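All figures in this text were calculated on a predicted structure; none of them were measured in a lab.
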Amino acid sequence: MSYQAYPIYNLATGKVTAREPWLLPKDAFETLINCHLRRGVLEKRKGYTEFGRIVHTNTATGEDSNPAKAVMGIYNHYQDDVETMLAMDTVRINKYNSSAKAFEDLTRMKIHVKSGGGQNHLPSAGDVIEGVTSGAYATVEAVITDHGDFVAGTADGTIILKNTTVNGSFQDGETLRDKNNVTDIFGVADGAASEQEFTGEDNNFFWLECWNNVSYITNGKDQIQKYTGSGLSRLYIDLDVEGGPDNDVNTCLLIFSYKGRLVLLRTTERGEPCYRRARWCQINNPGIWKEADYVDAPTEDWIMAADFIGEDLIVFFERSIWKLAYTYDADLPFRWEKIVSTEGCYAPFSLVSFSDELVGVGPTRLIGTDGRDAYGIDDKIPDEMLNWNQSAIDYCYGLVLEEESQTWTSFVPAGEEKPSQVLVNNYEDDNWSVYKLPVHTMGYSRMETDLVLDDIDESIALDDIDYSFDDKELQAGYPTTLMGCRDGIIYQLNNGGTDNGEPIEFEAVSGRWNPYVEEGHKARLGWIDFLVDADEAVSFDVSLYLDTDTAPYNVVTVTCEPDSSLDSGKTWKRVFCGAVGMFHRIKISNNAANNRPRIHAIIPYFDRAGRVF
């Protein structure tokens with residue numbers, strides 16, 4: 001017998017389902033789970049660690065607890081040079097406290113107030129306000145006038161509280177006053193019991209647009225909110241046609257700052273949904289909105305997702321893609337221009353954005369656009385979405401991870417009801433894999449300081465840490481990618497060698513190999529050499545299969561201890577085989593903590609065997 005090497009270098013093709021397994025390129029895989037190909041290397045993904053928990057304040061007791069509600073958004077508010085991380089769950093907006101490593105409740109630490117009850121004015125920071133009926137009281141941190149004038153009796157406002165209420169809770173409709181001066185009337189509590197929390201389901205994700213030091217926040221169902229760094233208040237939109245003042249825009253799906261205006265997409269106005277509408281404020285003035293300042297797209301489709309390519313706002317509808325074009329006309333600054341009428345997006349938050357391309361989840365595949373045309377981007381895995389629960393497409397959430405050269409799209413597998421997996425695309429090499437992760441939403445932040453010893457979980461031994469303290473992902477200012485889950489906990493992704501302490505199970509299944517199949521010969525597989533990172537703490541199993549068998553004929557454990565004759569940080573490991581078959585297939589796997597194989601090359605050695613027929 002004379003064996004011949006058939007080296008597989010530069011592992012780049014990734015998961016391919018567009019061809020039968022025996023027709024795949026030699027570096028392609030049928031399955032890549034919890035691993036990926038990057039820069040020619042097959043590597044197990046990194047893990048995740050807890051970053052912070054959402055805590056809700058009990059306004060009666062002042063106690064904080066994690067409500068275990070789904071995380072619905074992770075964003076950053078920018079005010080001059082200060083960055084504040086905000087996280088939303090289904091009912092509240094929360095601000096990150098880095099010293100406590102918790103997201104603290106903002107939503108319930110405020111009260112809406114309207115004119116009424118006698119003398120009207122708003123309190124000052126430090127005042128103690130009291131409810132005349134309830135007797136509840138709390139200290140004021142800041143005051144925001146949403147519109148109008150309190151002295152004239154035409155105003156609404158928001159009082160931000162410094163602490164929780166004492167002696168009960170404020171009641172909707174009760175008169176408010178200075179606790180130390182019973183003749184000092186502020187107004188009437190407006191929706192104190194009912195308007196503080198949001199009412200969306202766990203697929204009503206939040207959208208945030210930060211513009212001129214103010215973050216505008218919507219979940220597509222409840223009143224739009226704005227955050228200034230001092231606290232939350234309502235975005236009051238009076239369209240000036242009914243004698244008001246009153247709020248005429250109930251909510252919207254998406255918000256963008258565009259050419260000096262705040263633009264709302266897919267609004268609900270006076271209780272009526274406007275599925276195709278773009279509405280905007282006066283230039284550089286989000287306090288003035290005119291009834292005529294909108295344009296509806298000439299289509300029956302609904303707006304589903306949007307983002308910028310360059311300076312153009314590209315909008316995905318269900319079955320079409322449009323550009324909201326800037327006209328330079330002060331009276332009608334925007335108009336709709338159709339890009340395509342055959343492709344669209346079904347999941348509003350699945351959109352991932354590049355400077356020259358947007359990609360979203362369509363009805364049956366991933367759809368990209370460059371602003372001029374639309375096209376499928378998943379030709380290597382055209383049937384991938386057949387493995388998804390199509391009735392739960394709206395849960396899909398997308399993100400670009402520049403530090404990994406990847407895009408992630410979470411999805412609900414067929415037979416399940418909530419997201420539990422992520423479709424991963426390495427956009428440098430255009431290859432695909434799947435991660436098993438409990439993603440509900442994703443976002444970014446930046447670490448304020450470098451990682452130090454005190455930041456490490458005490459239960460983890462230093463010898464078990466599989467990353468370096470000078471890894472760029474652990475340095476201050478480097479983008480930190482975050483995952484929000486359905487239990488109110490937010491995790492840092494691509495961090496450490498476990499899933500918050502649990503082992504990571506990865507699996508890579510090759511195509512079916514036989515270099516002599518076109519000659520009509522079976523193949524004898526003598527052995528396989530693996531070029532791996534040298535690390536005595538790392539190991540993986542190689543399962544060997546013949547033809548279409550589902551059970552391996554052998555499983556070999558490979559330990560990656562260094563070879564003293566090599567000084568490259570890599571080492572060769574050999575797995576002996578010896579079987580004859582029409583096709584050969586291998587599975588590389590492990591289910592371990594702090595054990596991350598990296599495989600640079602695979603070299604199977606084959607010899608011709610008997611003829612197939």
> For residues His521 and Asn514, is any side-chain donor paired with an opposing acceptor at under 3.5 Å?
Replying inline: no
>> Check this for me: does any side-chain nitrogen of one of Arg319 and Glu343 sit under 4.0 Å from a carboxylate oxygen of the other?
In response: no
>> Has Asp383 got a side-chain atom pairing as donor or acceptor with Leu386's backbone, closer than 3.5 angstrom?
In response: no
>> Testing Phe606, Tyr545, Trp527, Trp513 one by one against His584 for a ring pair (Phe, Tyr, Trp, His ring centres under 6.0 Å), which residue passes?
In response: Phe606
> Which heavy atom in Thr409 sits nearest to a heavy atom in Val361, and how many Å separate them?
Replying inline: CG2-CG2, 3.7 Å
>> Set out, in order, the CA-CA distance, both residues' side-chain angles and the distance that settles ring pair (Phe, Tyr, Trp, His ring centres under 6.0 Å) for Tyr395 and Phe349, then state yes or no.
In response: CA-CA 8 Å; Tyr395 281 108; Phe349 287 81; over 10 Å; no
> For the ring pair (Phe, Tyr, Trp, His ring centres under 6.0 Å) test, which of Trp408, Phe411, Tyr48 pairs with Tyr435?
Replying inline: Trp408
> Would the Tyr397 and Phe205 ring centres measure less than 6.0 Å apart?
Replying inline: yes
> Between Lys15 and Glu384, is the closest basic N to carboxylate O distance under 4.0 Å?
Replying inline: yes
>> Between Tyr96 and Phe103, does the ring pair (Phe, Tyr, Trp, His ring centres under 6.0 Å) criterion hold? Intermediate values first, please.
In response: CA-CA 4 Å; Tyr96 185 58; Phe103 291 83; 4.7 Å; yes
> Any salt bridge between Arg365 and Asp379, counting N to O under 4.0 Å?
Replying inline: yes
>> Check the orientation of Tyr516 and Tyr6. Use parallel for under 30°, tilted for 30 to 60°, and perpendicular for over 60°.
In response: perpendicular
> Between Tyr444 and Tyr75, is the gap from one ring center to the other below 6.0 Å?
Replying inline: no
> Out of Ile33, Asn590, Asn591, which one pairs with Phe506 under the side chain to side chain contact (heavy atoms under 4.5 Å, CB included) rule?
Replying inline: Asn590
> Among Asn94, Ile54, Asp487, whose side chain to side chain contact (heavy atoms under 4.5 Å, CB included) with Val71 holds?
Replying inline: Ile54
>> Ignoring hydrogens and geometry beyond distance, is a side-chain donor-acceptor pair present between His36 and Glu43 at under 3.5 Å?
In response: yes
>> Go through it in stages, so that I can follow the logic: the residues are Ile599 and Ile588, the test is side-chain contact (heavy atoms from CB on, under 4.5 Å), and I'd like the CA-CA distance, side-chain angles, deciding distance and then a yes or no.
In response: CA-CA 10 Å; Ile599 300 172; Ile588 306 167; 3.8 Å; yes
> Is the Phe540-Phe530 ring centre distance short of 6.0 angstrom?
Replying inline: yes
>> Regarding Glu30 and Arg512, does a basic nitrogen lie under 4.0 Å from an acidic carboxylate oxygen?
In response: yes
> Does any N or O in the side chain of Asp27 come within less than 3.5 Å of the main-chain N or O of Ala12, such that one atom is a donor and the other an acceptor?
Replying inline: yes
> In terms of side-chain geometry, is the basic nitrogen of Lys46 or Asp499 positioned less than 4.0 Å from the acidic oxygen of its partner?
Replying inline: no
